[in-house]
Amino acid sequence: MTSILTLSDVNSYYEKSHILFGVSLEIKEGEVVVLLGRNGVGKTTTLKTIMGLVPKITGKILFKDSTDLLKIPPHKRAKLGIGYVPDHGGIFPNLTVYQNMKLSIKQSKSKSESTQIFELEDVFDLFPQLEHMINRLAGTLSGGERRMLGIARGLLLNPDLLIIDEPSEGLAPNIVQDIVEIINKIRSSGVSVLVADQNLPFVEKIADRVYVIDKGEIKLSGKLSELSREELEMFLTF
Amino acid sequence: MKNESLALILLIFLSLLIPLTENKYLLYLSLKIWILILYAIAFNVIFGYSGLLSFGHALFFSGSAYVLAILAVKAEYPLPIGFIAGIAAAAAFSIGVGFLSLRHREIHFAMITLAFSMMFWGIVMKWRDVTGGEDGIAGVPRGMPIFWFYYFSVAIILLCAYIIYRFVRSDIGLILEGIRENETRVKFSGHSTLKYRLYAMIVSGTFTGVAGSLWAMLDRTVTPSISHWSFSAMPVIATLIGGPQSFLGPAVGTVIYVIAQDVITKYTLYWQFILGIVIVSVVLFFRGGVMGIFERFLWKR
Amino acid sequence: MAEMTRRDFIKYAAALGIGLAVGGGIGYSLKKPEVQVVKESASVVGEKIKETIKIGHIAIFSGPFSTYGELQKRGSLLAVEEINKEGGILGSKVEIIYRDSAAKPAEAVKQVRSLVESEGCDFIIGIDSSGVVLGVAEVMPEVNKLLFVTHAATHKLTEELVYKKGIKEVFRIAVPVYQDGIMAAFIASQLPATKWACVHPDYEYGYASWELFKKTLSKLRPDVEFVGEAWAKIGTTDFTPLISSVMEKKPDGIHTVEWGVDLFTFVRQAKQTGLFDAVKYDGGYAWINPMGYSIDAMEALATEYPENCWVSGRYLWVYPDTPLNRKFVKAHLDKWGHFPAYSGETSYTAVYLIKKLIELTKTLDIDTHIKTLEDMVVFSPAGARYIRKEDHQAMYEVPYGQIKHDPNYSIPVLTNLQAVPAEEYYRYPPFEEMPPYKELYKKIVTKA
Amino acid sequence: MDLNTIAFQLILGIASAMLYWIVSSGLTFTFGVTRVLNFAHGAFYMLGAYFTLSFFALTQNYLLALFLGAIIVALIGAGCERGLISLIYGLPVPFQLILTFGLVLLFDDLVRIFWGSVPKMMPAQFIGSINVFGRLLPVFSLYLILAGIAIALVLYFLLSKTDWGVEIRAITVDPETAMCSGLNPAFLYATAFMFGSFLAGLGGGLYLPISSASPGMGEHIIIYAFIVTVIGGLGSIKGAFVSALIIGIIESLGALFVPWMTIALPYIALSAVLLLRPEGIFGEE
Amino acid sequence: MNSLILETQNLTKSFTGFTAVNNVSLSFKPQSITAIIGPNGAGKTTFVNLCTGMFKPDSGRIIFNGEDITNFSPEKRVQLGISRTFQIVNIFPKLTVMQNVKIPLLSKGRIEELENILGIFQLGEKKDVPASELSHGDQKILEMAMAMATKPKILFLDEPMAGVNPAERSRIVNLIKDLRYEEKLTIIIVEHDMDVVFRIAQRITVMNRGSVIADGTPDEIRNNATVKEIYLRGVEV
């Protein structure tokens, strides 16, 4: 398996504050990798670092073992094949559901290169409820629907790597279950996924491997089943 | 710091010699610069120190000039009464405008100050019996020969500049700087930001009024062109050229702006073209203003 | 011209005499467009009084009204080039320096000082707007140079500053604003219209013109009413709401002192809103526009300006039909490809006046100059100019006429010219009293 | 004074509001996307008039000249955005105002250099008038109202139906997510500025048939455009439309009822709105 | 004499779409240290914002020392003795450290305390340095110094460890502990760093989705199954 994304010794800063301390991680082709950790430990910063949304970054970020992302602006990273669904949903509330999706389709990576091609119909298969509301303003959707739309938008970019920030946050259990299924379907389509989350039962259902992050550093990594449950809980609770 | 003050004292001293050269144009131009320096420094109390862009300072400037001219020319009161009444009027205007505008920020503050000053301009244009309309009021007395008027004005301007300096270096000034930097923090430090902004507005407006009165006496004429918004833009440009973050920045900017404009108009009727390039370059390349450059390269090893 | 005073008669006759003499072919005079003086015979021989005689010319050279600087420059530069080609003034070269007033009094005052005190100019000419000229006039005694005003028209300049306040350094060789009001009223009084309205620019010139018009016309014609007024801000792009609000008052005569760009816009829109039709009478339109025949308006609007409107223009290239004027118009056309504007003529005349002044007095002494200028009669392209001693206003005839489209010319011509003889003019010093309008009215002469 | 008079005056007010609308729509649109308040917008208006004039001289086709003129202005606008204004994104408003004020001075003199100081006119277009309420309504006023409505519709269509418009709205509301969806901010900001300049140029050309082109003509319009934009709410296109109508109608009725104070009416309206609703009619705080 | 320094009664605040703080009634004893914890979006910061006057609540009351301060402006609350720091450093970056501290001191006319405060927070040596040049940890400490300069009776610390190096954290922890003893202060702290929370808090309040779901001593909270559940899965309770 080749690796889709490799971070080596990455440090990130906002102005004076140093957030990530030498983070290294790797996502291989077709894997679902989860970044586990409590609030405020640097999960979102790691994802933003990958997208190029953090003002100062040192270290190395390699995409598909070949492209160094560090000097590439965010929109080009998206076009290279990295989809990003931020924790606030990643939708445009002033646009309709359809316009939201169309935006991604137009920017989607050229189809010949993609492992799996997501078209509108494929997305409606995954998210049947969206089909009925394509003309609604995205801002009027419920939290769960927004989350679905956000993921749908990410998929329509036809990425090789889809990054989702806190997909289970604030959602009802049945919707979380839907998201589990969706992520598993995405995996089976061959797209790699990087998820940041702290909801252990949810993560257990989706993760191939996890990285546990605390105070800006990777503390543990490996298959969830191989990690000590006690240590995990320590990092996730108190 | 010491070199700075020495240079300043030397410059002031040199400018005091100007009337002795008997070059009348030099005298006139440098007095004009002195007055505009006071205008810019006073303006910068609200702009540089409080972080509010006023686009209506022409109101305070011309308000005081008009009151002086109306009292001294039309009502034939003694000049000192007109002078003091003019400044008092500017203070009153600044309180009124301050009350109505200080809730606003940024561009909205700029626009509401613009609106008030342009309403005043409308009154000046229309209330011809009193203001002389477009023609303005000519024949404002100076009360003394221009030679002595120069020293009189410079003395007043230096005194005003010193008072403004003490104001911005005072605790109130510090709080104002705090408001400019981070208004929320000032509120959570237990201060009413509105109150301090109003202080700043009054100081700024009143001393702008002093400059306006001196201007009326120097030019001996008051016309609506000093009420127009374009006259409010003058200290903005000068301050940005000189650097709004230092006390002397607006003064340096005024000197540069007026002299540059004077020199350019001597050589070409397309002076706006050159001045436009100068202004664009200042914003693109010298963002901290001239004083910013000094601080970066000269006074900090 | 029946009831001329004796003094006036002598003056006029003398002027006429010299004018004829010049026209008759004494030496150099025929070749040059010339200003002449009645007091002494002209002499061109003399010692050089200065290496270069410097004239500072201040006008608006930037912004929306920069056209006024341009029109003036065409006149003064033409004059300077002609003079230098002919050997200068008493052998001295003439240099002219142009500066921008930016339409701001303070800026103009600064430029006056810069020109006199820093460049060493001997004379200042120019100045476009009334606010600016009042400011500049105040400093002329201080800089101790003569100012020849070539455009700004406010009567306050000559009546308040020169006459009452005694600022003797200022002379105006352009038409004062009261012509736009008073002569307009003389014309209006002959028309059948009885309900007048105005569309004026919203500043001093508009207010003053309207007041004079109303005052004069109501004296001549007690039966008229003034029914409506509209004030247009400078730079108005859409006059239709203003026109419509005036038409609502059902006027049958319109007085407008709109000028420049705003006039172009106004005329175009007035045509389409039917304002001209509303003021039509047998002989044309009861439409009086003192600035309508200014050259920028005529070149821009040309045949779009309806025929038979009553217009004037502070100087008309068609009047007077003298060799001097014909020659000036031709020289101007040759050099610039345009007919001369009124401010071009005044600027041209100002430069020649300076030349004549120095040649007569052979000095740069201000007091001598002032004394010479007072009561001088100057022959210029615009005809004889009588410089009035009391207020330093140069009086000359500028007729009103009706627009006539003439295929022989690129711009319309004027017919039915009417003018008050220059030596009578509109107002007499000491100005406190109302001028004898009814008397004056009788003196209007109809020109061919 | 009867109702017909007022109705007719209203129509004229709406017609003259259309110029304010067209020019401010570009200003407020540009601001909404780039957060830059462009003083030079008035200069683009002036350039629009001059280029329309020159293209008319070449083609003798007014509508074609109008379109070509606006295109050239759009390109100039894009050049200014890429070369100058993009360098000051995120700077405080005073810097933006002063930089673009510098551009105004520069363009004013460039116009004098290339076209001369003397105002220029083109032959009148859309001549004639029709009878409305017993009064003559110039065809030109109708043309203006139609042009204003057409531009409103085009703006609506562009922003809601085209990919570009949707992308512009996306980057306006959430630049970060937009970038992460592959939208190129540099391209969108440049094209938004270009389109705003296009509207300014169009405004300049639209009035040419009954007006004229002169250096510095933008100075008269830009303050009005600022007033309209601020009253409507900075960045709100709907707001610009409504407040342009308000200003146009206030001026038009003002000419009827209070002709002596029309000069101050826009400023009175501005301060009244700001005092009651600081963020403008459709503005968001 | 009221034994409570601060009390909230049925505090509720909604933003478009969701209720950030839902019917929260909490009370705080003088000289206590309470930590408020909970997952993202639990309403912790909104609660602090309501108590300090950043927002007005939709309903409910805030009682400080027996006085209803629900509608008081932030500056008035500071005058009464309620002070705070922010999640993201909130200081005057271009002013010097000394000037930063001086501004809050001025509001109570305690200018003579300047050196003292700089000393307590170990900022004396850096007093003439512009605040923007301090390390992030020092900026956090400076902000606490500024909050303390108004001589508060109650101090809200919103994520004092956010973005701070692990190395600098213990300094801040020690400072907070010192403050409590030396200044007789009531402290309410919102923090994600559980090491810190359990080291300094006497009482922990757990919030989730705008409501208080647990309140007790650190040990009680440590062993509270619901709390653990929430932290691990964030499901409805």
Side-chain angles (χ1 to χ4, degrees), chain B residues 21-29 31-33 35-36 61-62 65 121-122 124-129 131-142 145-146 215-216 218-226 228 230-231 234 258 261-273 275-276, chain C residues 59-63 66 69-70 73 97-120 129-139 142-144 152 154-157 160-161 164-165 167 177 201-208 211 231 233-234:
Chain B
T21 63
E22 298 202 344
N23 182 334
K24 283 182 175 173
Y25 180 62
L26 198 60
L27 181 148
Y28 173 81
L29 190 68
L31 186 48
K32 190 145 259 192
I33 291 175
I35 293 171
L36 290 174
F61 192 94
S62 67
W121 175 80
V124 163
M125 291 284 283
K126 284 287 184 179
W127 200 13
R128 296 161 59 226
D129 293 344
T131 62
E134 167 95 1
D135 291 343
I137 299 168
V140 177
R142 224 177 254 155
I146 190 154
W215 175 281
L218 173 64
D219 265 4
R220 314 206 48 202
T221 318
V222 180
T223 59
S225 68
I226 58 167
H228 197 250
S230 51
F231 199 76
M234 203 256 130
V258 176
Q261 200 235 19
D262 189 62
V263 170
I264 299 169
T265 52
K266 266 189 185 142
Y267 292 102
T268 173
L269 288 175
Y270 296 106
W271 60 274
Q272 287 197 344
F273 183 76
L275 198 65
Chain C
I60 303 175
F61 284 103
S62 63
S66 51
E70 181 63 30
K73 191 177 170 186
I97 302 171
Y98 295 95
R99 288 287 170 83
D100 182 14
S101 73
K104 292 178 187 135
E107 182 64 23
V109 167
K110 200 191 90 181
Q111 294 298 358
V112 168
R113 291 181 176 276
S114 169
L115 284 169
V116 173
E117 289 160 1
S118 176
E119 302 287 345
S129 77
S130 57
V132 173
V133 86
L134 296 175
V136 166
E138 291 277 347
V139 302
E142 239 177 281
V143 299
N144 198 30
T154 174
H155 63 285
K156 289 183 193 162
L157 174 72
E160 284 172 19
L161 297 189
K164 281 192 200 150
K165 231 177 142 177
I167 298 178
V177 80
D202 200 353
Y203 75 106
E204 197 58 30
Y205 171 51
Y207 314 141
E211 275 163 21
W231 301 101
K233 61 176 191 283
I234 303 272

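So that the names make sense, note that chain A is the first sequence line, chain B the second, and so on, each numbered from 1. This structure is a prediction, so every number in the text was calculated from the model and none was measured. Note: hydrogens, waters and symmetry copies are ignored here, and every other heavy atom, side chains too, is used.
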Novice: Answer with side chain, backbone, both or neither: which region of C/E160 has an atom nearer than 4.5 Å to a non-hydrogen atom of chain B?
Specialist: neither
Novice: Closest approach of B/G139 and C/E138, non-hydrogen atoms and distance?
Specialist: N-OE2, 3.0 Å
Novice: Does B/T268 have any side-chain hydrogen bond (donor to acceptor under 3.5 Å, both in side chains) partners at least two apart in sequence or in another chain, and if so, which?
Specialist: none
Novice: Looking at CD of B/E134 and OG1 of C/T154, how far apart are the two atoms once the value is rounded to the nearest 0.5 Å?
Specialist: 10.0 Å
Novice: Among B/A138, B/G136, B/G133, who wins on heavy-atom pairs under 4.5 Å with chain C?
Specialist: B/A138
Novice: Do you know which two heavy atoms are closest between C/E117 and B/Y25, and how far apart they sit?
Specialist: OE1-N, 2.6 Å
Novice: Chain B heavy atoms under 4.5 Å from C/K233: which part of the residue, side chain, backbone, both or neither?
Specialist: neither
Novice: So, using salt bridge (Lys or Arg N to Asp or Glu O under 4.0 Å) as the criterion, who are the partners of B/K24 when residues are at least two apart?
Specialist: none
Novice: Would you mind reporting whether C/W231 and B/K126 have side-chain heavy atoms less than 4.5 Å apart?
Specialist: yes
Novice: Calculate, to the nearest 0.5 Å, the distance between atoms CG and CD belonging to B/D262 and C/E107 respectively.
Specialist: 8.0 Å
Novice: Checking B/L29 against chain C: side chain, backbone, both or neither under 4.5 Å from a heavy atom?
Specialist: side chain
Novice: Working to the nearest 0.5 Å, report the span between OH of C/Y205 and CG of B/D135.
Specialist: 13.0 Å
Novice: Where does B/T265 contact chain C at under 4.5 Å (heavy atoms): side chain, backbone, both or neither?
Specialist: both
Novice: For C/K110 and B/D219, run salt bridge (Lys or Arg N to Asp or Glu O under 4.0 Å): C-alpha distance rounded to whole Å, both residues' side-chain angles, the deciding distance at 0.1 Å, then the answer.
Specialist: CA-CA 9 Å; C/K110 200 191 90 181; B/D219 265 4; over 6 Å; no
Novice: Could you measure the distance from the CZ atom of B/R128 to the CD atom of C/E211? Nearest 0.5 Å is fine.
Specialist: 4.5 Å
Novice: Given side chains that start at C-beta, do those of B/H228 and C/K104 come closer than 4.5 Å, heavy atoms only?
Specialist: no
Novice: Please classify the contact of B/K32 with chain C as side chain, backbone, both or neither, using a heavy-atom distance under 4.5 Å.
Specialist: side chain
Novice: Against chain B, work out which of C/S66, C/A137, C/A106, C/S129 has the most heavy-atom pairs shorter than 4.5 Å and name it.
Specialist: C/A106
Novice: List the steps and the verdict of side-chain contact (heavy atoms from CB on, under 4.5 Å) for C/S118 and B/K266.
Specialist: CA-CA 10 Å; C/S118 176; B/K266 266 189 185 142; 3.6 Å; yes
Novice: Quick one: what part of B/L27 sits under 4.5 Å from any heavy atom of chain C, side chain, backbone, both or neither?
Specialist: neither
Novice: Measure across B/L269 and C/Y98 and return the closest heavy-atom pair with its distance rounded to 0.1 Å.
Specialist: CD2-O, 3.6 Å
Novice: Might you point out which heavy atoms bring B/T223 and C/P105 nearest each other, and give the distance in Å?
Specialist: OG1-CG, 3.0 Å
